[in-house]
Novice: 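Dumping the structure here so I can ask a few things about it.
Heavy-atom basis, side chains included; hydrogens, waters and symmetry copies ignored. Every number for a ligand or one of its atoms is a count from 1 in the order of the listing.
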Amino acid sequence: MNIAVFVSGNGSNLQALIDAEKKGGLSSGKIKLVVCDKSDAFALVRAKKHNIPVFVLTGDRHASREEYDKVIIEELDQKNIGLIVLAGFMRILSGHFVNKYANRILNIHPALLPAFKGANGIKDAYDAGVDVTGVTVHFVIEELDSGPIIFQEEVKIGKNESLEKLEEKIHKVEHKLYPKAVRMFVDGEMRS
Ligand code: GRF
């Protein structure tokens, strides 16, 4: 199954998926494309190092979200992509896009949804002073951070723990959980 990973930043989850693929951890899943909306994202360096084609579309020249997504859809169609994996992609996808790939878009969120939706899941949980936060992998629907949940794993916040330490713990769980979810999707072990 051909996979496209969508990124905007560091790409540590992309790296975890690349590493998993190399060890056979994505079953027959192959990362055939990395889509990115930032031309200076470190994720692009990671993709290029592993010879994965990248498609960078910054969005500045597209009047609407739908127009932007249509350009991406053409690229995905060309590469016969069967699964889209959002890994820190900071753009909101149009309804058109989400419907076209219904039940074939995964996202990872660094909190226990429905708690702490939005762009700052780790910090928002930390600032709220909760004892436990975590990681969620879910299917994407039009409404942000709201699709059917596939996996959740808790991460405890220690007393006097720094935000940096919590971020580190969350990312470690993400890097384990996301390849597992992708492998299950590829093997048809998952339904939305
Ligand atoms: C991750 O924490 C993910 O949960 C969130 O964005 C972050 C991306 O990190 N959606 P990276 O670019 O994969 O390092």
Side-chain angles (χ1 to χ4, degrees), residues 3-22 25-26 29 31 33-50 52 54-59 83-93 97-98 101 104-128 130 132-157 161-185:
I3 299 169
V5 183
F6 284 37
V7 294
S8 296
N10 177 24
S12 68
N13 281 284
L14 168 66
Q15 188 68 57
L17 292 163
I18 292 171
D19 294 346
E21 183 187 325
K22 285 199 190 305
L26 301 186
I31 304 169
L33 182 68
V34 167
V35 173
C36 184
D37 64 335
K38 298 269 184 302
S39 49
D40 58 352
F42 186 65
L44 294 171
V45 176
R46 298 182 193 268
K48 284 175 188 160
K49 188 168 169 204
H50 294 277
I52 302 169
V54 300
F55 186 64
V56 180
L57 195 60
T58 59
L83 172 65
I84 292 159
V85 178
L86 306 185
F89 187 61
M90 298 307 285
R91 273 182 78 94
I92 296 172
L93 296 163
F97 187 98
V98 172
Y101 294 99
R104 289 190 286 150
I105 313 174
L106 306 183
N107 185 41
I108 191 159
H109 185 78
L112 294 176
L113 291 174
F116 307 112
K117 294 180 180 183
N120 303 303
I122 304 177
K123 187 169 187 302
D124 289 347
Y126 185 84
D127 289 346
V130 294
V132 178
T133 181
V135 173
T136 303
V137 177
H138 65 96
F139 283 106
V140 171
I141 60 170
E142 216 177 324
E143 197 187 332
L144 196 66
D145 296 333
S146 300
I149 290 172
I150 299 161
F151 289 131
Q152 288 191 307
E153 187 167 320
E154 290 185 354
V155 174
K156 290 199 170 65
I157 306 181
E161 188 164 286
S162 67
L163 176 60
E164 290 69 32
K165 179 69 189 169
L166 177 63
E167 284 169 347
E168 195 185 296
K169 283 161 60 180
I170 294 268
H171 292 315
K172 195 166 169 208
V173 171
E174 289 186 326
H175 301 161
K176 182 189 67 174
L177 224 53
Y178 220 7
K180 181 175 159 195
V182 169
R183 202 274 305 151
M184 284 178 68
F185 184 93

Novice: Run through His175, Glu168, Lys169 and flag the one making a side chain to side chain contact (heavy atoms under 4.5 Å, CB included) with His171.
Specialist: His175
Novice: For His171, counting its heavy atoms only, list the atoms of ligand 1 lying under 4.0 Å from any of them.
Specialist: 2 (O)
Novice: Is there a side-chain contact between Pro110 and Glu174, using heavy atoms and a 4.5 Å cut-off?
Specialist: yes
Novice: May I ask you to list the atoms of ligand 1 that are less than 4.0 angstrom from any heavy atom of Asn10?
Specialist: 12 (O), 14 (O)
Novice: If we only count heavy atoms from C-beta on, is the Val130 to Phe116 side-chain gap below 4.5 Å?
Specialist: yes
Novice: So which heavy atom in the protein is nearest atom 10 (N) of ligand 1, and how far is it from that ligand atom?
Specialist: Ile108 O, 3.0 Å
Novice: Which residue supplies the protein heavy atom nearest to atom 14 (O) of ligand 1, what is that atom called, and how far is it?
Specialist: Ser12 OG, 2.5 Å
Novice: Could you check which of Asn13, Thr136, Val7, Val137 puts a non-hydrogen atom nearest to atom 9 (O) of ligand 1?
Specialist: Asn13
Novice: Using side-chain heavy atoms (C-beta onward) and a distance below 4.5 Å, is Lys49 in contact with Gln15?
Specialist: no
Novice: If you have a sec, work out which protein heavy atom is nearest atom 7 (C) of ligand 1 and how many Å separate them, to one decimal?
Specialist: Gly88 CA, 4.2 Å
Novice: Within the structure, does Gly11 bring an N/O atom to less than 3.5 angstrom of an N/O atom in ligand 1?
Specialist: yes
Novice: Nearest heavy atom to atom 1 (C) of ligand 1: which of Glu174, Gln15, His175 does it belong to?
Specialist: Glu174
